[in-house]
Engineer: 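My questions will all concern the structure given below.
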Amino acid sequence: MAAAERPEAAFSRDELNHLLRDLAGADHIALAVSGGSDSTALMLLVHAWARGQTQPPQVSVLTVDHGLREGSGAEAEAVSQWTRTLGLQHAVLSWSGEKPSTRIQELARQARYKLLTEWCKENGAAVFLTAHTIEDQAETIVMRLARGTGIEGFAGMRRSSLLDGIILRRPLLNISRQRLRAYLQAQNHQWIDDPSNENSQFERIRVRKAWPEIERAGLTASALHETAHRALRADNALHAICDDFIAAEVQRFPEGYCAVDLQSFRKLPDELRIRVLDRLTLTYGAGQRAELAALERLESWVSIVEPQRKRATLAGCLIALRQKSILFGREPGRISKVPMALQGQGVWDGRWQISVDSPLAELNVRPASLVSGVPRVKSLPAFVQAGMPAIFDGEKPVFLPDRGQLAENLKVTATFCR
């Protein structure tokens with residue numbers, strides 16, 4: 001893959017300060033370092049940058065050992081030796097349990113980010129860095145293009161994003177792998193070549209191996225980088241318009257649902273309608289984004305003047321059409337009926353922050369639909385009432401969100417937290 005810039009080995013102080021400008025003022029940052037050339041170079045660059053700071057942050061290096069192949073433990077130990085030489089803290093995060101036989105890269109990536117964010121939360125690191133390069137960005141866009149992506153997909157990976165409350169930074173998105181390797185060679189520093197990078201069963205590796213042909217057609221990494229920059233500019237503008245629409249036309253209710261003015265919604269261009277649906281199904285559903293094709297089908301249904309059916313579901317969200325509005329709330333049938341033990345406080349169904357002060361020892365939370373004989377609250381849609389949290393003492397309901405405490409010496413606060 002052609003480099004986006006000449007492969008000079010050196011990074012000037014000004015360039016380092018620019019690349020890592022988002023880290024100014026950080027107290028503790030974590031680096032995801034596998035031992036490959038990109039992440040190893042990131043480690044050295046951050047270390048060099050930190051030494052030049054008046055008040056350098058604490059830098060922790062994290063290596064995820066997926067345990068998917070022989071030798072991964074030795075690679076993690078090699079990174080540990082490098083960090084000792086640099087005087088950096090190092091932690092190995094192991095992916096335990098049964099490993100998948102399909103969708104390996106996707107599930108391994110999910111596990112990796114989960115381990116990284118959990119470590120950051122437990123150790124007070126508000127931000128962690130990955131070493132995604134301009135080549136990674138180009139491969140990502142090509143893979144998304146193969147699936148029929150929209151503007152957001154063309155924007156590629158963002159320089160900064162929020163992952164489970166932790167800030168993820170990708171400072172090397174406009175730097176080539178060729179330059180990073182030249183930098184490591186100039187530093188006389190080793191790196192590890194992951195053998196899985198030759199495994200053509202993975203989509204990204206197939207794209208990587210096909211890159212010489214892709215480049216011969218004129219689709220270079222630098223051209224795709226510029227495409228991502230321009231698409232991101234358009235994507236940010238559309239997000240801002242959606243923000244304004246949601247602030248003006250969406251009525252939020254503390255019971256965990258919202259209503260959108262139907263006439264105003266239908267006046268939006270279809271691209272904006274799809275984005276509003278994306279936001280609201282994510283907020284009021286199961287907390288997972290729906291696929292673009294599914295959102296397009298939902299938009300077509302909502303836009304029909306007189307649809308035959310008045311309800312639809314998507315990503316754990318129930319969407320109900322009323323005469324003048326669209327309601328969004330949790331799909332009750334998709335809520336886990338497994339009791340969630342409650343001691344002090346907790347988050348139930350990813351939507352409700354619950355705190356309790358009670359001498360009762362066997363408190364648990366389940367959906368209100370499991371409580372029999374509860375009278376309907378006419379001011380609430382039935383599906384909303386069914387999806388609200390109910391607190392039990394063993395098998396006895398002691399708190400219902402619409403009726404409050406049903407037992408003495410019980411203080412409960414239940415707040416929708418999305």
Engineer: Please test D164 against K121 for salt bridge (charged side-chain N to carboxylate O under 4.0 Å, His left out), starting from the C-alpha separation and ending with a verdict.
Structural biologist: CA-CA 9 Å; D164 197 18; K121 288 179 180 179; 2.9 Å; yes
Engineer: With a 3.5 Å distance limit and no angle check, can you tell me whether D65 reaches the backbone of W95 through a side-chain donor-acceptor pair?
Structural biologist: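 Checking the backbone N and O of W95 against the side chain of D65, no donor-acceptor pair under 3.5 Å is found.
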Engineer: In Å and rounded to the nearest 0.5 Å, what is the CD1 to OG1 distance from I246 to T283?
Structural biologist: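 Answer for the CD1-OG1 pair, I246 versus T283, is 7.5 Å.
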Engineer: Would you check if there is a donor-acceptor pair between the side chains of S94 and S96 at a distance under 3.5 Å?
Structural biologist: no
Engineer: Decide salt bridge (charged side-chain N to carboxylate O under 4.0 Å, His left out) for R147 and E291; before the verdict, give the C-alpha distance in whole Å, the side-chain angles of both, and the deciding distance to 0.1 Å.
Structural biologist: CA-CA 11 Å; R147 300 186 185 97; E291 293 184 354; over 6 Å; no
Engineer: Determine whether F154 and D235 make a side-chain contact, defined as any pair of heavy atoms from C-beta on separated by less than 4.5 Å.
Structural biologist: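 No, their side chains stay 4.5 Å or more apart.
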Engineer: Indicate whether any N or O donor in one side chain lies under 3.5 Å from an N or O acceptor in the other, for E135 and T133.
Structural biologist: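 E135 vs T133: donor-acceptor pair found between side chains.
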Engineer: Which heavy atom in V33 sits nearest to a heavy atom in T63, and how many Å separate them?
Structural biologist: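 Heavy-atom minimum between the residues: O-OG1, 2.8 Å.
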Engineer: Taking side chain as C-beta onward, heavy atoms only, is L321 less than 4.5 Å from V302?
Structural biologist: yes
Engineer: Step by step, would you call F128 with T117 a side-chain contact (heavy atoms from CB on, under 4.5 Å)?
Structural biologist: CA-CA 8 Å; F128 76 93; T117 54; 3.9 Å; yes
Engineer: Could you report the tightest heavy-atom contact between E152 and R275, atom names first, then the distance?
Structural biologist: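 Minimum heavy-atom contact is N-NH2, 4.1 Å.
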Engineer: Using side-chain contact (heavy atoms from CB on, under 4.5 Å), reason through R297 and W301 one step at a time and then give a plain yes or no.
Structural biologist: CA-CA 6 Å; R297 290 191 294 270; W301 169 72; over 6 Å; no
Engineer: Determine whether a donor-acceptor pair (N or O, by modelled atom type, separation under 3.5 Å) exists between the side chain of T40 and the backbone of G35.
Structural biologist: yes
Engineer: Mind listing the closest non-hydrogen atom pair of E255 and W352 along with its distance?
Structural biologist: O-CZ2, 3.2 Å
Engineer: Cut-off 3.5 Å, side chains only: do R144 and T140 have a donor facing an acceptor?
Structural biologist: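 On atom types as modelled, these side chains do not qualify, holding no pair under 3.5 Å.
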Engineer: Using the ring centroid of each side chain, check whether H90 and W82 are separated by less than 6.0 Å.
Structural biologist: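 Between H90 and W82, the centre distance exceeds or equals 6.0 Å.
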Engineer: Any side-chain to backbone donor/acceptor pair from R418 onto G285? Under 3.5 Å, distance only.
Structural biologist: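 Yes, R418 side chain to G285 backbone: donor-acceptor pair under 3.5 Å.
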Engineer: Does F11 have R179 sitting over its ring (NZ/CZ under 6.0 Å from centre, angle to axis within 45°)?
Structural biologist: yes
Engineer: What's the spacing between C317 SG and L277 CG if we round to 0.5 Å?
Structural biologist: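 One gets 9.5 Å once the value is rounded to the nearest 0.5 Å.
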Engineer: Using atom types as modelled and distance alone, determine if a side-chain donor or acceptor of T227 lies under 3.5 Å from a backbone N or O of A223.
Structural biologist: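 Judged by distance alone, yes, a pair lies under 3.5 Å.
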Engineer: Are more than 12 heavy atoms from other residues, nucleotides or ligands located less than 6.0 Å from atom CD of Q190?
Structural biologist: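 Atom CD in Q190 is not crowded, with 12 or fewer foreign heavy atoms closer than 6.0 Å.
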Engineer: As an exercise, state the distance from CD1 of I166 to CD of E118, rounded to the nearest 0.5 Å.
Structural biologist: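 So the gap between those two atoms works out to 10.5 Å.
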Engineer: How close do F383 and A320 get, counting heavy atoms only, and between which atoms?
Structural biologist: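 Of all heavy-atom pairs spanning F383 and A320, the closest is CE2-CB, 4.2 Å.
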Engineer: With a 4.5 Å limit on heavy-atom distance, are the side chains of V377 and M388 in contact?
Structural biologist: no
Engineer: Do W348 and P367 come close enough that some side-chain heavy atom pair is under 4.5 Å?
Structural biologist: yes
Engineer: Looking only at side-chain N and O atoms, does S60 offer a donor or acceptor that is under 3.5 Å from a partner on Q89?
Structural biologist: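 Yes, a side-chain donor-acceptor pair sits under 3.5 Å.
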Engineer: Under a plain distance cut-off of 3.5 Å, with no hydrogens placed, do R159 and N174 share a side-chain donor-acceptor pair?
Structural biologist: no
Engineer: Give the C-alpha distance, both sets of side-chain angles, the deciding distance and a yes or no for side-chain contact (heavy atoms from CB on, under 4.5 Å) between L262 and R322.
Structural biologist: CA-CA 8 Å; L262 182 56; R322 298 292 190 260; over 6 Å; no
Engineer: Are any of the side-chain nitrogens in R181 or D193 under 4.0 Å away from the carboxylate oxygens of its partner?
Structural biologist: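 Yes, this pair counts.
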Engineer: If you look at every heavy atom in P381 and L327, which pair is closest and at what distance?
Structural biologist: CG-CD1, 3.7 Å
Engineer: How far does CZ of R273 sit from CZ of F265, to the nearest 0.5 angstrom?
Structural biologist: 6.0 Å
Engineer: If you draw a 6.0 Å radius around CZ in R279, do more than 12 non-hydrogen atoms from other residues or ligands fall strictly inside?
Structural biologist: yes
Engineer: How many angstroms lie between atom CG of L410 and atom CD1 of I391, to the nearest 0.5 angstrom?
Structural biologist: 6.5 Å
Engineer: If you define the side chain from C-beta out and look only at heavy atoms, does anything of W191 sit under 4.5 Å from D38?
Structural biologist: no
Engineer: Table please: side-chain donor-acceptor pairs of residues 44-57 below 3.5 Å, with sequence neighbours left out.
Structural biologist:
| unit_1 | atom_1 | unit_2 | atom_2 | d |
| --- | --- | --- | --- | --- |
| H47 | NE2 | L86 | O | 3.1 |
| W49 | NE1 | N17 | OD1 | 3.4 |
| Q53 | NE2 | W49 | O | 3.3 |

Engineer: Using the six-membered ring wherever Trp is involved, compare the ring planes of H28 and W119 and label them parallel, tilted or perpendicular (cut-offs 30° and 60°).
Structural biologist: perpendicular
Engineer: Compare all side-chain heavy atoms of R208 with those of I205 and state whether any distance is below 4.5 angstrom.
Structural biologist: yes
Engineer: Restricting to non-hydrogen atoms, name the atom on P389 and the atom on V365 that form the minimum distance, rounded to 0.1 Å.
Structural biologist: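 In this case the closest contact between P389 and V365 is CB-CG1, 3.8 Å.
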Engineer: Counting heavy atoms not belonging to E15, are there more than 12 under 6.0 Å from its CD?
Structural biologist: yes
Engineer: Once you round to the nearest 0.5 Å, how far does CD of E249 lie from SG of C258?
Structural biologist: 12.5 Å
Engineer: Checking R330 side chain against G316 main chain: does a donor-acceptor pair fall under 3.5 Å?
Structural biologist: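 Judged by distance alone, yes, a pair lies under 3.5 Å.
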Engineer: With heavy-atom distances below 4.5 Å as the criterion, would you say the side chains of F245 and L268 are in contact?
Structural biologist: yes
Engineer: With a 4.5 Å heavy-atom cut-off, do V384 and F253 have their side chains touching?
Structural biologist: no
Engineer: Using side-chain contact (heavy atoms from CB on, under 4.5 Å), reason through Q137 and L224 one step at a time and then give a plain yes or no.
Structural biologist: CA-CA 8 Å; Q137 180 76 294; L224 286 170; over 6 Å; no
Engineer: Between the main-chain N or O of Q81 and the side-chain N or O of T85, is there a donor-acceptor pair closer than 3.5 Å?
Structural biologist: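 Flag set: sc T85 to bb Q81 pair under 3.5 Å.
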Engineer: For atom CG of D27, decide whether the heavy atoms of other residues, nucleotides or ligands shown that lie under 6.0 angstrom number more than 12.
Structural biologist: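 Not buried by this count: 12 neighbours or fewer within 6.0 Å.
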